[in-house]
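Here's the structure, in structure tokens; my notes come after.
Residue numbers start from 1 in every chain, and the chains themselves are labelled A, B, ... in the order their sequence lines are given, proteins ahead of strands. Below, all heavy atoms of this structure are taken into account, side chains as well, without hydrogens, waters or symmetry copies.
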Amino acid sequence: MITVLLFAQLQEDAGTDQLELNIDEINVRELKERLQSDYNLSKLDQVMVAVNEEYALDDDVIKKGDTVAIIPPVSGG
Amino acid sequence: MITVLLFAQLQEDAGTDQLELNIDEINVRELKERLQSDYNLSKLDQVMVAVNEEYALDDDVIKKGDTVAIIPPVSGG
Amino acid sequence: MTQEFFQISDEPIQVDEIVKKVESRDAGAITTFIGTVREWTKGKRTLYLEYQAYKPMAIKMLTTIGKEIQTKWPNTEVAITHRVGRLDISDIAVVIAVSSPHRKAAYEANEYAIERIKQIVPIWKKEHWENGETWLGDQLENVPYPEGKPHIKE
Amino acid sequence: MTQEFFQISDEPIQVDEIVKKVESRDAGAITTFIGTVREWTKGKRTLYLEYQAYKPMAIKMLTTIGKEIQTKWPNTEVAITHRVGRLDISDIAVVIAVSSPHRKAAYEANEYAIERIKQIVPIWKKEHWENGETWLGDQLENVPYPEGKPHIKE
């Protein structure tokens, strides 16, 4: 299982703040594509992805047990 | 009478924080010269002079009743 | 560091407490930035805000910003607390305190901190306007990730 | 202005009180500068400081700086308190608070204020070093009056 955390507008779009995906291994780009098609989450071209609380790049690999956060453009401060 | 206020090192050099000068009218440049010769205050080339709490220029005239402050380079902050 | 210099809090922020964390006998200058909730933005009235954070990662990123600052401006100390939850007009959303032996570094490092917060710290602001609500981030404020990426992983 | 925004005080300065003076529903940013007594300066150890002010004129000049800032950076609010008397290491000598709708102005205006204080406000600092004492002003810090004159009377 891979845990996916959602925030802000994405959380409201998905109707949940957390998804559990039954995946063993996937890279960041593929995960974004899957979220886009399976959960109807748009605007994923603008998001960053963090794996286990570290920003990750499109080719980075996510493995089961990882926690992935989908990070839309931040607006703190 | 003209009241002359002294601060910081000048106050210590003169041994007082205030002088009363029996003068009717004098300009700033002349007052500095007189303080230098009569009260042995050195380094008056670096000071600013304020008349009634406003910075004054060398040619500005001081009249009796005025309060003059001799302002060495400031070091607040 | 026994104190927590980088915090996400759902309680009101006390400025004095953040300042205390960076006080030092070697510091001649402390700057603080206090971000507060403004009522009017470009003619639109805000009623209140809601901040959401990915808390553990937000703390990690604040800590990263602190380390970046201490590398760029040696002998500085940095403390940052960001609030989450509902905030009303004039409430404090963030306090950044930087101490330094000299003032120039204290100003520069402080401004650097708020710029970096707006780039890399996973916190989001939802504006509740007079007539509607929006999660901010892309449209209204900055270009997101002006450097393309948050510039963390080298 | 019913509050006193520009003060010379012989009591310890409370940062929160100065910040409160500039708070506003229109402000999104408040910056503060806190000048504290540093122990070490270029390898010399300070034991304590003594600040002296020409009080009525110092308040007048602080007020002038506030007006200059409001002209240069519209919609800002400024409050400054400078302490006088004996100050020990880490004591606060000056607090400058600036509020503004936007942060850039709050940083710039704050830094402008401390630069101007060091140019035109009649306050003097006597350093009590480990082995001696000096009134500062010309030798050790800045060139006095870099513009030739304090640039007050036009």
Side-chain angles (χ1 to χ4, degrees), chain C residues 12-20 22-42 45-47 49 75 77 87-115 117-118 125 141-142, chain D residues 12-20 22-42 45-47 49 75 77 87-115 117-118 125 141-142:
Chain C
I13 306 175
Q14 305 300 324
V15 176
D16 276 351
E17 282 178 23
I18 317 297
V19 170
K20 271 204 178 55
V22 301
E23 278 176 0
S24 145
R25 296 174 71 85
D26 298 329
I30 300 172
T31 52
T32 68
F33 175 82
I34 304 166
T36 57
V37 179
R38 192 177 54 217
E39 184 165 21
W40 293 94
T41 298
K42 293 175 190 157
R45 186 180 185 187
T46 297
L47 300 179
L49 295 184
N75 305 313
E77 293 287 341
L87 276 78
D88 293 312
I89 306 302
S90 287
D91 280 353
I92 297 175
V94 61
V95 174
I96 303 165
V98 177
S99 70
S100 162
H102 302 285
R103 69 182 182 281
K104 193 76 193 165
Y107 281 111
E108 287 177 0
N110 199 303
E111 194 166 3
Y112 177 86
I114 184 68
E115 299 297 336
I117 287 172
K118 288 173 179 289
K125 171 164 76 174
E141 286 218 311
N142 310 308
Chain D
I13 306 176
Q14 304 301 325
V15 176
D16 276 351
E17 282 178 22
I18 317 297
V19 170
K20 271 204 181 56
V22 301
E23 278 177 2
S24 143
R25 297 173 70 86
D26 299 328
I30 300 172
T31 52
T32 68
F33 175 82
I34 304 165
T36 57
V37 179
R38 193 177 55 219
E39 184 165 21
W40 293 94
T41 299
K42 292 175 191 157
R45 185 180 185 186
T46 296
L47 301 178
L49 295 184
N75 304 313
E77 293 288 340
L87 276 80
D88 293 311
I89 306 302
S90 287
D91 281 353
I92 296 175
V94 61
V95 174
I96 302 165
V98 177
S99 71
S100 161
H102 301 287
R103 68 182 182 281
K104 194 75 194 165
Y107 281 111
E108 287 177 1
N110 199 303
E111 193 165 4
Y112 176 86
I114 184 68
E115 300 298 335
I117 287 171
K118 287 173 180 289
K125 172 164 77 175
E141 286 220 310
N142 309 309

OH (Y107(D)) and CG (N110(C)) are apart, to the nearest 0.5 Å, by 3.5 Å
State the CZ-OG distance between R38(C) and S99(D), to the nearest 0.5 angstrom. 12.0 Å
In terms of heavy-atom proximity below 4.5 Å to chain D, should E23(C) be classed as side chain, backbone, both, or neither? neither
Under 4.5 Å from a heavy atom of chain D, the part of V19(C) involved: side chain
Which of Q14(D), K104(D), R25(D) touches chain C most, by non-hydrogen pairs under 4.5 Å: R25(D)
Answer whether the closest heavy-atom distance between the side chains of T32(D) and T31(C) falls below 4.5 Å. no
When only pairs under 4.5 Å are counted, which of I89(C), D16(C), V15(C), I114(C) shares the most heavy-atom pairs with chain D? D16(C)
For R103(C) and F33(D), work out which heavy atoms get closest and say how close. CB-CE1, 3.5 Å
Minimum heavy-atom separation for S24(C) and S90(D), please, with both atom names. O-OG, 3.7 Å
